[in-house]
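The block underneath contains the structure these notes are about, expressed in structure tokens.
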Number of protein chains: 2
Amino acid sequence: MRSLEWNSENKSLRAIDQRLIPAQLAYVDLGDVAAVAEAIRTMVVRGAPAIGVAAGYGVALAAWETKLSDINAYKEKVFQAISDLRQSRPTAINLTFALDRMGKVLEDEKLSTDQLRIRLEEEAIKIDQENTADCFAISQYGAELIQDGDTIIHHCNTGGLATVEWGTALGAIHMAYQQGKRIHVLVDETRPRLQGARITAWELQQFGIPFDIITDNSAGYFLSKGKVDKVFFGADRVARNGDVANKVGTYMLALAAFHNKVPVYSIFPISSVDFQLPDGEAIPIEERDPLEVLDIQQHGEPVVPHGSTALNPAFDVTPHELITGWVTEKGMINPPFEQNISKITSLSRS
Amino acid sequence: MRSLEWNSENKSLRAIDQRLIPAQLAYVDLGDVAAVAEAIRTMVVRGAPAIGVAAGYGVALAAWETKLSDINAYKEKVFQAISDLRQSRPTAINLTFALDRMGKVLEDEKLSTDQLRIRLEEEAIKIDQENTADCFAISQYGAELIQDGDTIIHHCNTGGLATVEWGTALGAIHMAYQQGKRIHVLVDETRPRLQGARITAWELQQFGIPFDIITDNSAGYFLSKGKVDKVFFGADRVARNGDVANKVGTYMLALAAFHNKVPVYSIFPISSVDFQLPDGEAIPIEERDPLEVLDIQQHGEPVVPHGSTALNPAFDVTPHELITGWVTEKGMINPPFEQNISKITSLSRS
């Protein structure tokens, strides 16, 4: 099962509507670039790697739907699509990464409009395939960290739905389980959108991996009682020094783990690293609709008093000091992160 | 408005059903001791000080409803009521404190059954009155800590409903607001029972104090961005060394505040201190029904996959190192807590 499926014949993109999990497994057809941008904004498609892949296909859709024959007018129109997609969500760097790659193809002066359509589609497929291969490698490296019998707290959702296939932190758990290791996952429910309680719980259930859902605010209790071996989460954008922007709540979780000497792993493809940023301070943190906080219900009744307001930052930044290690498609990266990641990236460039 | 109202004429107790706030302000009549125990267990009555007061009245109810004329049989029956109430919830020490006081009256060998009925009722009323006076004093001392323009994160509910009248942490906020100080409260929603989003938001709305509801897991974000001046919460049981058991999530909140050098105040009557306990390690932490976590809904639909399980610790322990100060009816108490509280309690004994 893939969260995104490109149809090369019809030039169309199909996505699992993640808002409906676990109530139903439903697919939506994203017929044009505007539909892709809207799907990202409204979290039909979510998870930093999946957002990147969807954005690549969004540009491919724009490339095919733009009928202009004048090359400059054509490019302007497709660049506009890239720009629209760039605005869809601010925090995940994978979006920028994918769109920059698509933009580079579009800049190629040797290509005609017909050639550009083909090349842009190829590039989007390549981003997808590389991402899947990366997630598979990440899952393998991540699985090596897991011991038989481990209890792991997992925040948000980092499985196949978030990444198209396999996943990152949840991929590692899945892989380790397939290797025969016994694992118990404490699933942070991940307010306000409840990606943990809804999606991670659903994926774990599919795999048969034992889990219990916990409120985000109770992670500290389990950590302090010595009931947790590891803390796993993904990343939406990583600064050069190792600071990690990820789903809101990650910072408090990592802090509680650090305070209790439980190792903390942030698990992501290297495309999540924003090499322009020296630290996490400048990472833009998306503020989402307060209704996501306020529309909580119990027994079908709204919980908050009428007229209440809310603040809803979607991400926070975990300082690198709290993170034991990164797990990437190139393997485990230990602190000092800036030094060690630059060794790997210069190696792969040479 | 008081959360508990004793009717001396009918010998009956009326309580606001806190489970229904904010949807409706409804009262329930608790006609016998079994009803009081059930109301505590199911959180019709909640909040450590309010639980203590309710338990006192529960014993008074038992004292009146027990018709036995043999003094030993009478005492046995009322002691049984004390024992039943003691089992209703394990963490809040105020329950033990109130029941021990009632038990001491019951042990008085000079009193007849008729006299015991009157004395037990008097003692319950005294516990209630002293608690109200303590909460008023606490609110005054707590208000002194608040500066004009402060933004305060508040966890769970510590207002009039939790304490019968005035409140502790929320009482201080209310008092400071009445003194003309401008305050903005960030209301931790407090999963799973949402006492913040439901009850604290409702109380703040009654007072006209500006607030925003936030998810518990986003407190770290606001703290790290320098948007918070103080963190306020109550206590369910405090160990001699200053470790505080309070509503789950308090520990992670205090840790995030400490990490960002924001002062942390635990605000409670001295009856919340369990002088028998050297530290927080041994405080019994109630595990509540997993359904409290699992029954969350959005748009009227259950969120979690069918068959999911959850773990639901209702409290956690915040180590004393993370706490800037206690606020009590005797004023502010700074670390070292054990030394400073013993000065005050020996003073009041002498």
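All chains are named by letter (A, B, ...) in the order of the sequence lines, taking the proteins before the strands, and each is independently numbered beginning at 1.
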Shorter than 4.5 Å, heavy atoms on both sides: which option in A/Pro302, A/Gly307, A/Ala310, A/Ala314 has the most such pairs with chain B? A/Ala310
Heavy atoms of other groups near A/Lys225 NZ, more than 12 under 6.0 Å: yes
Has B/Ser224 got a side-chain atom pairing as donor or acceptor with A/Val317's backbone, closer than 3.5 angstrom? no
Side chain of B/Asn217, backbone of A/Thr190: donor and acceptor closer than 3.5 Å? no
Mind listing the closest non-hydrogen atom pair of A/Ala197 and B/Pro305 along with its distance? O-CD, 3.1 Å
Is it the backbone or the side chain of B/Ala219 that comes under 4.5 Å from a heavy atom of chain A, or both, or neither? both
Taking every heavy-atom pair that is under 4.5 Å apart, which of A/Leu194, A/Ile214, A/Val187, A/Asp316 has the most such pairs with chain B? A/Leu194
So which part of B/Leu223 gets closer than 4.5 Å to some heavy atom of chain A, the side chain, the backbone, both or neither? neither
Just checking B/Glu281: does its CD atom have more than 12 heavy atoms from other residues, nucleotides or ligands closer to it than 6.0 angstrom? no
At a 4.5 Å cut-off on heavy atoms, which part of A/Glu203 comes close to chain B: side chain, backbone, both, or neither? neither
Should we count CZ of B/Arg41 as having more than 12 external heavy atoms under 6.0 Å? yes
Are the side chain of B/Asp216 and the backbone N or O of A/Asp216 linked by a donor-acceptor pair below 3.5 Å? no
Going from CG on B/Asn260 to OH on A/Tyr251, what distance comes out if it is rounded to the nearest 0.5 angstrom? 3.5 Å
Test item: B/Leu294 and A/Ile213 side chains (from C-beta on) under 4.5 Å apart, heavy atoms: yes
State, yes or no, whether a side-chain contact exists between B/Arg191 and A/Ile296 at a heavy-atom distance under 4.5 Å. yes
Identify the heavy atoms of B/Ala256 and A/Leu255 that sit nearest to each other, and give their distance. CA-CD2, 3.5 Å
At a 4.5 Å cut-off on heavy atoms, which part of B/Leu186 comes close to chain A: side chain, backbone, both, or neither? side chain
Among B/His155, B/Glu189, B/Gln297, B/His259, who wins on heavy-atom pairs under 4.5 Å with chain A? B/Gln297
Please tell me if the side chains of A/Trp202 and B/Ser308 come closer than 4.5 Å, counting only heavy atoms from C-beta onward. no
Determine the option with the most heavy-atom pairs under 4.5 angstrom with chain A, choosing from B/Met252, B/His306, B/Gln205, B/Lys247. B/Met252
If I measure from the heavy atoms of chain A, does B/Ile285 come under 4.5 Å with its side chain, its backbone, both, or neither? side chain
Report which part of B/Glu321 has an atom under 4.5 Å of a heavy atom belonging to chain A: side chain, backbone, both, or neither. neither
Would you say B/Thr215's side chain and A/Asn312's backbone share a donor-acceptor pair under 3.5 angstrom? no
Could you have a look at A/Pro192, A/Ala23, A/Pro313 and say which one has the most heavy-atom pairs with chain B under 4.5 angstrom? A/Pro313
Is it the side chain or the backbone of B/Phe315 that comes within 4.5 Å of chain A heavy atoms, both, or neither? backbone
